[in-house]
Visitor: 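Supplied in structure tokens, the structure appears directly below.
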Amino acid sequence: ITKDGTCPRLHSDVNISLIGQSDKCNGFSGADLVALVRESSCIALKEYMLLTHTSFCNSDITSLQQTQEECIVHLRHFEEAFTKVHPSVLEKDRMKYLE
């Protein structure tokens with residue numbers, strides 16, 4: 001899902017295994033997990049673009065280059081993504097699979 005944490009680039013506060021094992025992921029299919037990573041990335045990108053645009057409008061080009069190093073996905077982006085991405089596997093289907 002993340003190409004070993006390199007795409008999207010994950011901050012050290014993100015443990016993708018712990019996220020996948022959390023109760024918040026109950027009922028998530030593989031596609032739901034992909035959507036969660038994609039949504040986290042989009043949230044991080046929007047934040048990054050806002051910061052670099054603000055830096056560009058309010059500063060000189062040197063500060064923009066310092067701000068514009070990388071777009072990195074933090075745990076807070078995953079937390080926000082959980083409010084937007086929901087599980088698609090129903091409990092009854094999950095129980096049937098476990099039998």
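Only heavy atoms go into these numbers, but all of them, side chains included; no hydrogens, no water, no symmetry mates.
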Visitor: What residues form a side chain to side chain donor-acceptor pair (under 3.5 Å) with Gln21, not counting sequence neighbours?
Guide: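 Checked Gln21 against side chain to side chain donor-acceptor pair (under 3.5 Å); zero matches.
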Visitor: Who passes side chain to side chain donor-acceptor pair (under 3.5 Å) against His11, sequence neighbours left out?
Guide: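 His11: side chain to side chain donor-acceptor pair (under 3.5 Å) contacts with Asp13.
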Visitor: Does Arg76 have any side chain to side chain donor-acceptor pair (under 3.5 Å) partners at least two apart in sequence or in another chain, and if so, which?
Guide: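 Arg76 satisfies side chain to side chain donor-acceptor pair (under 3.5 Å) with Glu47 only.
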Visitor: Considering non-hydrogen atoms only, spot the tightest contact between Pro8 and Ser41 and give its length.
Guide: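 Minimum heavy-atom separation between Pro8 and Ser41: CG-OG, 3.1 Å.
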Visitor: What residue pairs, at least two apart or across chains, pass salt bridge (Lys or Arg N to Asp or Glu O under 4.0 Å) with a residue in residues 20-43?
Guide: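 Non-adjacent pairs meeting salt bridge (Lys or Arg N to Asp or Glu O under 4.0 Å): Lys24-Glu79, Glu39-Lys84.
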Visitor: Would a hydrophobic clustering, with Ile, Leu, Val, Met, Phe, Trp and Tyr connected at side-chain separations under 4.5 Å, put Ile43 with Ile72?
Guide: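 Unlinked, Ile43 and Ile72 end up in two clusters.
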Visitor: Atom CG in Asn15, atom CG in Leu75: separation rounded to 0.5 Å?
Guide: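 It is 9.5 Å, given to the nearest 0.5 Å.
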Visitor: Can you name the nearest heavy-atom pair linking Ala35 to Val85, along with the distance?
Guide: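 Here Ala35 and Val85 meet closest at O-CG2, 3.9 Å.
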Visitor: In Å and rounded to the nearest 0.5 Å, what is the CG to CZ distance from Leu10 to Phe78?
Guide: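 One gets 5.5 Å once the value is rounded to the nearest 0.5 Å.
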Visitor: Rounded to the nearest 0.5 Å, what separation is found between the CE atom of Met49 and the SG atom of Cys42?
Guide: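 Going from CE on Met49 over to SG on Cys42, the span is 10.5 Å.
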Visitor: Are the side chains of Lys46 and Leu50 in touch, meaning some heavy atoms are under 4.5 Å apart?
Guide: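 The answer is no; the side chains never approach within 4.5 Å.
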Visitor: Are the side chains of Ser40 and Phe82 in touch, meaning some heavy atoms are under 4.5 Å apart?
Guide: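 No; the side chains remain at least 4.5 Å from each other.
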